[in-house]
Amino acid sequence: KYQFSLAPQAISNLDGVLGDRHARGPILLHLTRGPKVVRSPAVPVADGGAKWDAETLEMVCTLYASKKGGVDFSSKDFKLSLMVQDQDRRQPKEVASCEINLSVFASRDPTAQGVVKPQVLHLAPRAKGSRVELSTTSSMRSAGEDVPMLELTLASTHLKDAVVDDDAV
């Protein structure tokens with residue numbers, strides 16, 4: 001089993017997905033795989049962006065060795081959704097998302113355990129389909145669009161002696 005820790009720092013380019021209707025609602029992140037959901041606290045939007053203070057989304061999952069050459073583990077896809085808490089709605093509304101294969105961040109090397117890796121995720125607006133781009137710089141743009149860009153750090157840790165159960169993600 002591995003524990004993945006995603007620590008969102010900041011998000012920019014929110015004007016295109018929030019518009020005027022959601023301008024006052026706070027935003028939050030959902031990390032999901034199947035029925036499991038981890039939520040960040042809601043943060044206010046200001047000047048087309050938002051910042052989190054020392055928040056971490058953590059998810060534990062079982063990784064299996066890959067039979068394909070060149071990769072250590074089989075794919076383990078998670079969905080990261082940007083949600084807005086609209087004043088008129090009880091439940092947050094998804095406005096952008098991306099799919100992330102977290103297995104690429106895991107390593108069998110004990111010296112790589114818990115290493116924090118800065119990333120930038122480009123979130124696809126809900127109406128335009130899902131795609132993700134990862135980068136170690138915050139200057140990327142996705143096909144010339146001003147899509148939401150989430151800056152975060154990501155770390156994985158092998159949980160030694162963890163028991164694999166039926167509830168594993």
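Counting non-hydrogen atoms of neighbouring residues, nucleotides and ligands closer than 6.0 angstrom, the NZ atom of Lys51 reaches no more than 12 such neighbours.
The hydrophobic cluster around Met83 extends to Leu28, counting ILVMFWY residues whose side-chain heavy atoms fall within less than 4.5 Å of a member. Annotation for Val116: hydrophobic cluster partners, listed by chain and number, are none (ILVMFWY side-chain heavy atoms under 4.5 Å, direct or chained).
The distance from the CZ atom of Phe4 to the CG atom of Leu57 is 14.0 Å, given to the nearest 0.5 Å. Note that NE2 of His158 is 11.0 Å distant from NZ of Lys1, once rounded to the nearest 0.5 Å. To the nearest 0.5 Å, atom CG of residue Leu82 and atom NZ of residue Lys93 are 11.5 Å apart. Atoms CG and CE, from Leu152 and Met149 in turn, are 12.0 Å apart once rounded to the nearest 0.5 Å.
Residues forming a side-chain contact (heavy atoms from CB on, under 4.5 Å) with Ser74 (at least two apart in sequence, or on another chain): Ser66. Taking Phe73 as the reference, Tyr2 meet the ring-ring contact (aromatic ring centres under 6.0 Å, His included) condition, with sequence neighbours excluded. Under the side-chain contact (heavy atoms from CB on, under 4.5 Å) criterion, Ala7 pairs with Gln9, Thr56, Thr153, sequence neighbours left out. Remark: Glu94 pairs with Lys79, Arg126 by the salt bridge (Lys or Arg N to Asp or Glu O under 4.0 Å) rule, at least two apart or across chains. Under the rule for a side chain to side chain donor-acceptor pair (under 3.5 Å), the partners of Ser103 that lie at least two apart in sequence or sit in another chain are Asn101. With sequence neighbours left out, the side chain to side chain donor-acceptor pair (under 3.5 Å) criterion links Asp77 to Ser75.
Between Gln3 and Met59, every side-chain heavy-atom pair lies at or beyond the 4.5 Å cut-off.
In terms of modelled atom types and a separation under 3.5 Å, the side chain of Ser156 and the main chain of Phe105 share a donor-acceptor contact. Panel note: side chain Lys76, backbone Leu63; no donor-acceptor pair is recorded below 3.5 Å.
When all heavy atoms of Val84 and Gly25 are compared, the closest pair comes out as CG2-O, 4.0 Å. Annotation for Cys98 and His122: closest pair CB-O, 4.1 Å, computed over non-hydrogen atoms. Here the closest heavy-atom approach between residue Pro148 and residue Ala96 is recorded as CG-CB, 4.3 Å. Considering every non-hydrogen atom in both Ser5 and Glu58, the closest pair reads OG-OE2, 3.4 Å. In plain terms, the two heavy atoms of Ala50 and Val45 that are nearest each other are CB-CA, 4.4 Å.
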*Tell me, with the steps shown, if Val37 and Leu31 meet side-chain contact (heavy atoms from CB on, under 4.5 Å).*
CA-CA 6 Å; Val37 179; Leu31 179 65; over 6 Å; no

*Tell me, with the steps shown, if Leu80 and Leu150 meet side-chain contact (heavy atoms from CB on, under 4.5 Å).*
CA-CA 10 Å; Leu80 184 65; Leu150 175 64; 3.5 Å; yes

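A side-chain contact (heavy atoms from CB on, under 4.5 Å) with Leu123 is found for exactly one of Leu14, Ile11, Val147, namely Ile11.
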